[in-house]
Amino acid sequence: MTPALLADLVRAAASDVMTRRGLDLAALPADVGVERPRNPEHGDYATNVAMRTAKKAGVSPRDLAGWLVEELTGKGGIASAEIAGPGFINLRLATDAQGAIVSEVLAAGDAYGTGDELADKNVNLEFVSANPTGPLHLGGTRWAAAGDALGRVLTARGAKVTREYYFNDAGAQINRFVDSLVAAAKGEPTPDNGYGGAYIHDIAAQVLAAEPGALESPDRDEVFRRVGIDLMFVEIKQALHDFGTDFDVWFHEQSLHDSGAVETAVNRLKTSGQLYESEGAWWLRSTEFGDDKDRVVIKSDGNPAYIAGDIAYFLDKRSRGFNLCIYMLGADHHGYVGRLKAAAAAFGDDPAVVEVLIGQLVNLVKDGKPVRMSKRAGTVVTMEDLVEAVGVDAARYSLIRSSVDSSLDIDLDLLTKKSNDNPVFYVQYAHARLASLARNAADLGMTPGTELGLLEHPREGDLIRTIGEFPAVLASAAELREPHRVARYLETLAAAYHKFYDSCRVLPMGDEEISDLHRARLALCVAARQVLANGLAVLGVSAPERM
RNA sequence: GCCCCCGUAGCUCAGGGGAUAGAGCGUCGCCCUCCGGAGGCGAAAGCGCAGGUUCGAAUCCUGCCGGGGGCACCA
């Protein structure tokens, strides 16, 4: 019996009891469920439904719990039900009912854990979107890992997801990038406010190699802009691809200006009265939608401000059919939340279609002290640096496993030591062990058994119940946009497996005969391996057969 | 000044109201005659402070303290 089914059973029982006793069913919360108690003495599962319902229903929690225990006792699959503490109901499952979770995993295979509650969501997931003025740094790398994992989580729960990268290839930063390239090509020092990294010289040299006459060309800046930005695009795309993060759409801000989309969007807002003119500029009444001040959309020199591109971009996304636009931004952009929602509202759209996830920044730490990323000090860490130091799996995993709400410290020493003390190995090792076990079992001609009621060792029960949690973990990770929950779950699952393995022999020893218990345990192992593989896939981390 | 995030073990982080707060790393001790010891078992060690809501608060609310990041007709 899965926890979801058990929760249904508990709800139904509560509903029956309350009806029979003439209690108001409205007192029964819609979201009552079961949880796994920390303390094994409190049963396999526990429910707090009595405590949550009693007051509104006008009865005492212990009384209600008592009636529920009576109702639940003897139901199919439930071995025992008892009252505990202030009104908890502790439940134990019959081992054969519990073992059914294993069969379910085996039957579902790769699909175990998936769901369809997000099937009506057509999601535009925009993340990374770093300016093409340099290689991706640790910050962008964090979003590349977490954003991609979020995309996979949403997909697993039924959403249609389009991953999108927005290149800000219009505007002043790009001009500075181009000026820096030209200066480097001429062997001149980096201009003020320019970009001075070594990659600038590389790219400048590549531009010259591709277009030998570039410096003398009358369209010099245009050549450097076109070729230089292209090279930067290619480099960023390649780095992301090598990192296991691929985008469906690479969107160029410039295209919005070239196509007239910006002008169209702005005119629409002018017509609908959402923009007003003041001091020679056109302003969006974003304060009416929660922003702390109105924003300039068209500057007094007639040029569009940055937000004009955002507005047109949002309209473009909506015109492509997306009904949920998720933006993953760094903490230094949190001021955007209000104006992005305001842009949606200004078009008469529901601001809820705009969801902005603000992630905190990545800090570098050395010897326990923070170090600033500095090109001169050689402490700029790029995506490639991180991958080179620890590998893609460990890099992705360590960036995904914490909530993006907390800022993250990355230890420079850890990178240089190429240390192996990453929890990803703990999880991957469990998978590799299971793969090895499967090979050995195959050599013995063993097949997974069906007498799953034989799995009555406490650690077998723990493992089965942990496996049973996976669908709910994926569902909450998707709902809350928190892929780190999947990583933490996998660590719990790996621990449950390692503990099981330590005390439950799966394969026969020596010339011992193969028993039903051996085969049942093998089935459990196949299921455990499946869930580890499914979970790792959701994180974009490999599930190795051997390590 | 205003806004956002964070403050949990020596360190890096989990814990979206529930019973005795967890993991990894680090420290100390124990466990290999057979399925992978990248493992298991045990020990020491913690919710910034003060109020409030609740049968029950690390979790929700308020204030304070501490850390990070924002508050452009830049992009």
Side-chain angles (χ1 to χ4, degrees), chain A residues 35 37-39 41-42 46-48 51-52 54-55 60-61 84-88 90 131 133 168 170-176 193 253 278-283 292-293 295-301 303-307 309 330-338 358-361 363 365 368 370 398 401-411 414 419-426 428-430 432-441 444 476 479-480 482 484-485 487-489 491-492 494-495 497-510 512 518 521-522 525 546-547:
Chain A
E35 56 180 25
R38 233 189 303 279
N39 185 338
E41 288 171 15
H42 295 153
T47 177
N48 59 6
M51 288 180 292
R52 292 182 58 190
K55 193 169 188 179
S60 98
F88 289 102
N90 296 336
N131 288 343
T133 53
N168 298 123
Q173 299 209 31
I174 287 293
N175 294 337
R176 288 202 282 271
N193 297 320
E253 181 190 2
S278 171
E279 303 163 58
W282 287 88
W283 301 69
D292 55 344
K293 58 184 72 167
R295 301 290 162 179
V296 168
V297 177
I298 300 295
K299 299 187 272 189
S300 51
D301 65 6
N303 287 317
Y306 182 75
I307 188 178
D332 50 342
H333 286 68
H334 99 266
Y336 285 32
V337 180
I358 296 298
Q360 300 304 306
L361 305 178
N363 305 310
V365 176
S398 57
R401 79 185 283 269
S402 345
S403 159
V404 296
D405 278 345
S406 52
S407 59
L408 202 61
D409 290 350
I410 297 234
D411 193 328
L414 225 66
S419 150
N420 262 11
D421 55 12
N422 187 310
V424 74
F425 297 115
Y426 183 77
Q428 289 183 315
Y429 178 57
R433 252 186 168 180
L434 281 160
S436 167
L437 195 69
R439 288 191 294 268
N440 295 340
L444 294 173
S476 68
E479 182 197 345
L480 299 169
E482 292 185 345
H484 76 274
R485 288 169 181 269
R488 298 297 175 149
Y489 165 78
E491 291 168 33
T492 306
Y497 168 69
H498 286 307
K499 287 178 206 286
F500 154 81
Y501 177 90
D502 192 61
S503 45
C504 297
R505 175 83 197 186
V506 179
L507 303 179
M509 285 173 74
E512 187 188 359
H518 290 135
R521 284 179 172 167
L522 181 60
C525 286
R546 294 185 166 83
M547 292 175 70

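To find a chain, count down the sequence lines: A is the first, B the second, and so on, and within it residues start at 1. All values derive from a computational prediction rather than experimental measurement.
Nucleotides B:G26 and B:A43 are separated by 14 Å at their C1' atoms, to the nearest Å. Comparing B:A50 with B:A58, their P atoms sit 13 Å apart, to the nearest whole Å.
Side-chain atoms of A:N90 come within donor-acceptor range of the base of B:A19, with a qualifying N/O pair under 3.5 Å. With hydrogens and angles ignored, no donor-acceptor pair under 3.5 angstrom links the side chain of A:S407 to the base of B:C5. A donor-acceptor contact under 3.5 Å links the side chain of A:H334 to the base of B:G69. Checked by distance alone, A:R485 brings a side-chain donor or acceptor within 3.5 Å of a matching partner on the base of B:G16. Residue side chain A:N48 reaches the base of B:G18 through a donor-acceptor N/O pair under 3.5 Å, judged by distance alone.
Applying the side-chain contact (heavy atoms from CB on, under 4.5 Å) criterion to A:N39, with sequence neighbours excluded, gives A:E41, A:H42. Scanning for salt bridge (charged side-chain N to carboxylate O under 4.0 Å, His left out) contacts around A:D292 gives A:R295, with sequence neighbours left out.
Per the stacking criterion (ring centres < 5.5 Å, plane angle < 30°), A:Y429 does not stack onto the base of B:G39.
B:A19: no Watson-Crick or G-U partner with both key distances under 3.5 Å is found in any strand. For B:G37, there is no paired nucleotide, since no Watson-Crick or G-U wobble pair has both relevant distances below 3.5 Å. When Watson-Crick and G-U wobble pairs are counted only if both distances are under 3.5 Å, B:G63 pairs with B:C49. Remark: B:C25 base-pairs with B:G10. Criterion, Watson-Crick or G-U wobble with two distances under 3.5 Å.
The side chain of A:H42 places no N or O atom within less than 4.0 Å of a non-bridging phosphate oxygen (OP1 or OP2) of B:U20. One finds a side-chain N or O of A:R38 lying less than 4.0 angstrom from the OP1 or OP2 phosphate oxygen of B:A19. Between A:Y426 and B:G40 there is a side-chain N or O to OP1 or OP2 distance below 4.0 Å. Not one side-chain nitrogen or oxygen of A:S406 sits closer than 4.0 Å to the OP1 or OP2 atom of B:U12. Here A:K499 reaches the OP1 or OP2 of B:C41: one of its side-chain N or O atoms lies under 4.0 Å away.
Looking at heavy-atom distances under 4.0 Å, A:A170 makes contact with sugar-phosphate atoms alone, never a base. Counting any heavy atom pair closer than 4.0 Å across all strands shown, A:D409 reaches sugar-phosphate atoms only and no base atom.
When distances run from any side-chain atom of A:P37 to the nucleotides B:C6, B:A19, B:C71, the shortest one goes to B:A19.
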